[in-house]
Amino acid sequence: PTHRVVSIEELSQYLHLPEKAVAKELGICLTSLKKLCRGFGITRWPYRKLKSLDKKIAKAENGTGAPEDPATLKARAEDLKREKMTV
C-alpha cells in the first residue's frame, strides 16, 4: 500500500472545508485524516467553528443582530477576526 505524506502546512490549506471533502481531496480515508490530525495536535476539525466565526463577523460588520453603536460593532468584528486567526 502507498502512504501519502501530508504536512501540517498542506493540511492547514483545507481547514475551511468539511473533513470528508478534505479526505477525498487528499486521497485518503476519513479515519486516516483523523489519525493525521491527532498526530498534529488537532483534536477537532475547525471547519464548523470557522464557519460560525465568519457568520458572526459578517453580522457585526453589517450591523445586523443586536442594536449597537457602530464603534462597538467594529470592535466586535475585530475581536472575532482575531479569534478566527487563533483557530
Side-chain angles (χ1 to χ4, degrees):
T2 22
H3 295 284
R4 172 112 159 71
V5 178
V6 180
S7 67
I8 186 71
E9 291 80 18
E10 183 179 3
L11 191 60
S12 66
Q13 296 173 11
Y14 296 102
L15 298 179
H16 66 284
L17 297 172
E19 278 179 305
K20 287 181 182 178
V22 175
K24 187 174 184 179
E25 186 76 23
L26 294 175
I28 60 177
C29 68
L30 186 57
T31 303
S32 295
L33 176 63
K34 289 182 178 190
K35 284 181 182 179
L36 183 68
C37 289
R38 285 193 295 269
F40 287 131
I42 301 170
T43 55
R44 290 183 59 102
W45 190 251
Y47 168 73
R48 290 179 66 160
K49 179 70 173 176
L50 292 172
K51 196 164 179 84
S52 169
L53 287 171
D54 284 340
K55 285 181 185 178
K56 288 179 182 179
I57 290 167
K59 269 184 148 178
E61 288 178 341
N62 296 333
T64 57
E68 299 179 50
D69 65 280
T72 305
L73 289 173
K74 186 174 181 174
R76 174 127 174 86
E78 291 304 316
D79 289 343
L80 290 168
K81 286 178 184 176
R82 277 193 293 278
E83 183 180 345
K84 182 179 174 182
M85 294 307 292
T86 63
V87 174

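Quantities reported herein were computed from a predicted structural model and do not represent experimental measurements.
Considering only heavy atoms from C-beta on, C37 comes within 4.5 Å of L33 through its side chain.
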Contacts table for residues 10-18: side-chain donor-acceptor under 3.5 angstrom, sequence neighbours left out:
residue, atom, partner, partner atom, Å
E10, OE2, R4, NH2, 2.9
S12, OG, I8, O, 3.4
S12, OG, E9, O, 2.7
H16, ND1, Q13, O, 3.3

Query - Stepwise side-chain contact (heavy atoms from CB on, under 4.5 Å) check, K34 with R38 - result: CA-CA 6 Å; K34 289 182 178 190; R38 285 193 295 269; 3.9 Å; yes
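Annotation: side-chain hydrogen bond (donor to acceptor under 3.5 Å, both in side chains) contacts involving residues 40-56, sequence neighbours excluded, comprise K49-E83, D54-K84.
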